[in-house]
Engineer: 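Can you keep this structure in mind? I'll have questions shortly.
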Amino acid sequence: MRLQKITIVTVIFSAIIALTAFIPAPQPAQEKKAKNLKVLPKNISNEELDKVMDNFKVALGVKCNFCHAKSTTDPQKMDFASDENPHKDIARSMMKMTQKINKKYFTHKDEKSGTMAQISCMTCHNGKKHPEVVSL
């Protein structure tokens, strides 16, 4: 009787162990890749993309909907890939402009600090949607 119970328990545990071999291992969640990138690198990580977008928000004092359109299927969400909002193309043009200026004029590093002075959105916008025009 005791041997029979041990055998049954052993068979059950063996069956459980054998069946677990057929259960697929959980897959790591795949990072969603950004779509419709025309100026930023296509292989940019979500973390780095978030940093860039956060810099835009601070430099212009805006939220995401300043450049990004609402989703047509769910107006509570943003359609980040959409080109419907004209501010997005303006932002792309500005990014290209600052890249050209930085490449042409800021190619050397400071010998003491090792840093390179560059312009960014903040240089002109200073936290405002539209840069102030200063007359001299």
Engineer: Please examine the side chains of Asp83 and Lys38, heavy atoms only from C-beta on, and report whether any two atoms are closer than 4.5 Å.
Structural biologist: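 Of all side-chain heavy-atom pairs linking Asp83 with Lys38, at least one is under 4.5 Å.
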Engineer: Ser71: which residues meet the side-chain hydrogen bond (donor to acceptor under 3.5 Å, both in side chains) condition with it, sequence neighbours left out?
Structural biologist: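 Counting only residues at least two positions away or on another chain, Ser71 forms a side-chain hydrogen bond (donor to acceptor under 3.5 Å, both in side chains) with Thr73.
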Engineer: Where do Gln99 and Val39 land on the side-chain contact (heavy atoms from CB on, under 4.5 Å) test, with the steps shown first?
Structural biologist: CA-CA 10 Å; Gln99 287 173 351; Val39 179; 3.7 Å; yes
Engineer: Rounded to the nearest 0.5 Å, what separates atom CD1 in Ile90 from atom CE in Met97?
Structural biologist: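 These two atoms lie 12.0 Å from each other.
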Engineer: Indicate if Val52 and Leu37 have the same hydrophobic cluster label, given that clusters are the connected sets of ILVMFWY residues with side-chain heavy-atom separations under 4.5 angstrom.
Structural biologist: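 Yes, because Val52 and Leu37 connect within a single hydrophobic cluster, where side-chain heavy atoms sit under 4.5 Å apart.
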Engineer: Can you name the side chain to side chain contact (heavy atoms under 4.5 Å, CB included) partners of Lys57, sequence neighbours left out?
Structural biologist: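 Side chain to side chain contact (heavy atoms under 4.5 Å, CB included) check on Lys57 returns Asp54, Cys64.
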Engineer: Once ring-ring contact (aromatic ring centres under 6.0 Å, His included) is applied, what residue pairs with a partner in residues 70-93 remain, sequence neighbours excluded?
Structural biologist: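 Found Phe66-His87, His68-Phe80.
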Engineer: Are the side chains of Leu60 and Cys121 in contact, using a 4.5 Å heavy-atom criterion?
Structural biologist: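 Cys121 reaches Leu60 side chain to side chain.
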Engineer: With sequence neighbours left out, what residues match Gln76 under side chain to side chain contact (heavy atoms under 4.5 Å, CB included)?
Structural biologist: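 Asp74.
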Engineer: Given side-chain contact (heavy atoms from CB on, under 4.5 Å), test Lys104 with Lys100 step by step and report yes or no.
Structural biologist: CA-CA 6 Å; Lys104 184 173 181 177; Lys100 286 179 185 176; over 6 Å; no
Engineer: To the nearest 0.5 Å, what is the distance between OH (Tyr105) and CD1 (Ile119)?
Structural biologist: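 If we round to the nearest 0.5 Å, Tyr105:OH and Ile119:CD1 are 10.5 Å apart.
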Engineer: Taking Lys88 for the side chain and Ser82 for the main chain, is one N or O donor matched with an acceptor at less than 3.5 Å?
Structural biologist: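 Judged by distance alone, yes, a pair lies under 3.5 Å.
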Engineer: With a 4.5 Å cut-off on side-chain heavy-atom distances among I, L, V, M, F, W and Y, is there a chain of contacts connecting Met94 to Val62?
Structural biologist: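 Hydrophobic grouping puts Met94 apart from Val62.
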Engineer: Closest heavy-atom contact between Asn85 and Asn65?
Structural biologist: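 Between these two residues, the closest heavy atoms are ND2-O, 3.4 Å.
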Engineer: Go through His125 and Val58 one step at a time and tell me if the side-chain contact (heavy atoms from CB on, under 4.5 Å) criterion holds.
Structural biologist: CA-CA 10 Å; His125 282 270; Val58 170; over 6 Å; no
Engineer: Please round to the nearest 0.5 Å and tell me the distance separating atom NZ of Lys77 and atom OG1 of Thr72.
Structural biologist: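 Atom-to-atom, Lys77:NZ and Thr72:OG1 are 12.5 Å apart.
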Engineer: Check whether any side-chain heavy atom of Asp89 lies under 4.5 Å from a side-chain heavy atom of Arg92, and answer yes or no.
Structural biologist: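 Asp89 vs Arg92: side chains touch.
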Engineer: Does a salt bridge link Asp79 with Lys35, judged by any charged N lying under 4.0 Å from a carboxylate O?
Structural biologist: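 No, this pair does not count.
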Engineer: Applying side-chain hydrogen bond (donor to acceptor under 3.5 Å, both in side chains), can you list everything that pairs with Asn102, at least two apart in sequence or on another chain?
Structural biologist: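 Asn102: no side-chain hydrogen bond (donor to acceptor under 3.5 Å, both in side chains) contacts found.
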Engineer: Is there side-chain contact between Asn46 and Lys33, with heavy atoms separated by less than 4.5 Å?
Structural biologist: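 With C-beta onward as the side chain, the pair stays apart.
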Engineer: Among residues at least two apart in sequence or on other chains, which ones pass side chain to side chain contact (heavy atoms under 4.5 Å, CB included) with Ala91?
Structural biologist: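 Expected list: Cys67.
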